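First comes the structure, then the notes that go with it.
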Amino acid sequence: MPELPEVETVVRLINKSIKSKTISKLTIINKKLRWPIDPSLSVYTKNKNILEIYRRGKHIVFKLKNGYILIHLGMTGIIRFFKKTSVKKIHKHDHYEIELKNKSILRYNDVRKFGSIHWAENIDGHFLIKNLGVEPLSKKLNVSYLYKIIKNRSVSIKNLIMNQNIIVGVGNIYACESLHISGIKPQRKSSSISTEELKKLISNIKLVLRKAIDSGGTTLKDFKKLDGTPGYFEQELLIYSKKYCRCGESVKNIKLGGRSSFYCDHCQK
DNA sequence: ACTGGATCCTGATCGC
DNA sequence: TGCGATCAGGATCCAG
């Protein structure tokens, strides 16, 4: 489910929803995730104040006084928010929950178990964070930064912009969309991209992500619901999962790095 | 150092 | 209707 805009939306909604800033307890329901959940998380977070909740790449970060909770949603991670009094039943794929002082609860559910939760005393040194690339919506993503990287790379440009060590937050859908709008075929070798094309690509990555955040903000209101299978940005997609391009040409779907890659032979060079 | 492919897991959907 | 194959918005690990 989650690329940068979805994670950003979830973070904003959590910030908006939670009234109490104190964690009363963190309970592990099923520790089997991408990495087994460290039981110490419950100890470190008990009765701690939340100083800040923010996003880094596709990670959700809870900053506490004594360290950080790092949450990744994987493919199918969902965070539900509810009052303790209204919900008690544990659902099949629930993995942990964070209870706040005022009895509201954030509960994590993940069908495919590709998500994760970690404790980090020092976030910058954490193995999931330390090698992350630049935030795409920041000024750090610019032509000179990316040109230095692409000029010596033979990997496809789509896989390159999805590489979290280079740019964070861009996943399969938004990679396809950005390349489509930029008129670039996803399978092109990174080194073959001209500076003109790169300039276009960078500004379109930013554009697509911003638009998706905007629409996520208005349509993802029901993220509390477990069945909140998101359809938010879907209506705005131009190429991902489409049969036909706007130009009328049928859309091609090839595998790159094992992922479906949609493009239009006519509109993308 | 870089690259493509296999891999983790469950459930929905597709084709026969 | 049933059943196996395929696919899913992620990212790590591993061999070459």
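Remember, it's a predicted structure, so these values are computed and weren't measured experimentally. So you know, we letter chains A, B, ... as the sequences are listed, proteins then strands, and number each from 1.
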Item checked: Watson-Crick or G-U counterpart of dA8(C), or none if no pair lies under 3.5 Å -> dT10(B)
Check: Taking atom P of dA8(C) as reference, at what distance in whole Å does atom CD of Glu6(A) sit?
Finding: 16 Å
Next item on the list: Provide, to the nearest angstrom, the distance between the CG atom belonging to Leu33(A) and the P atom belonging to dG10(C).
Entry: 17 Å
Checklist line | Separation of the P atoms in dC3(C) and dC9(B), to the nearest angstrom | finding: 24 Å
Note to self: Expressed as a whole number of angstroms, how long is the span from Ile149(A):CD1 to dA1(B):P?
What the structure shows: 15 Å
Margin query: I'd like to know if Arg12(A) and Glu8(A) make a salt bridge, using a cut-off of under 4.0 Å between side-chain N and carboxylate O.
Written below: yes
Checklist line | Nearest-Å distance for atom pair CG/C1', residues Leu128(A) and dA11(C) | finding: 10 Å
Margin query: Tell me whether the side-chain N/O atoms of Thr76(A) come closer than 4.0 Å to OP1 or OP2 in dG10(C).
Written below: no
Checklist line | Tyr145(A), OH atom: more than 12 neighbouring heavy atoms under 6.0 Å | finding: yes
Item checked: With Ile53(A), the side chain to side chain contact (heavy atoms under 4.5 Å, CB included) member among Ile71(A), Ile69(A), Ile60(A), Val61(A) -> Ile60(A)
Margin query: Without decimals, in angstroms, what is the distance between His126(A) NE2 and dT12(C) P?
Written below: 11 Å
Note to self: Under 6.0 Å between ring centres: does that hold for Trp35(A) and Phe127(A)?
What the structure shows: yes
Note to self: Within the 4.0 Å heavy-atom criterion, would you say Lys189(A) contacts the bases, only the backbone, or no part of the nucleic acid?
What the structure shows: nothing
Next item on the list: Looking only at side-chain atoms of Trp35(A), point me to the closest of dG10(C), dT3(B), dT12(C).
Entry: dT12(C)
Notebook entry, point to check: Is it true that Asp38(A) and Lys31(A) have a side-chain N and a carboxylate O under 4.0 angstrom from each other?
Noted result: no
Notebook entry, point to check: Which parts of nucleotides 4-16 of chain B does protein reach within less than 4.0 Å, heavy atoms only, written one letter per nucleotide 5' to 3' as B for base, S for sugar-phosphate only and - for none?
Noted result: S---BBBS-----
Notebook entry, point to check: Nearest to the side chain of Arg153(A) - dG10(C), dC7(C), dC2(B)?
Noted result: dC2(B)
Margin query: Taking Glu197(A) first and then Arg188(A), would you say they form a salt bridge - that is, a charged N and a carboxylate O separated by under 4.0 Å?
Written below: yes
Next item on the list: Could you state the atom-to-atom distance from NZ of Lys255(A) to P of dT3(B) in whole Å?
Entry: 21 Å
Next item on the list: May I have the distance from Asn172(A) (atom CG) to dC7(C) (atom P), rounded to whole angstrom?
Entry: 13 Å
Notebook entry, point to check: Lys158(A) NZ to dG10(C) P: how many Å, rounded?
Noted result: 9 Å
Notebook entry, point to check: Is the Phe262(A) to His180(A) ring centre distance short of 6.0 Å?
Noted result: no
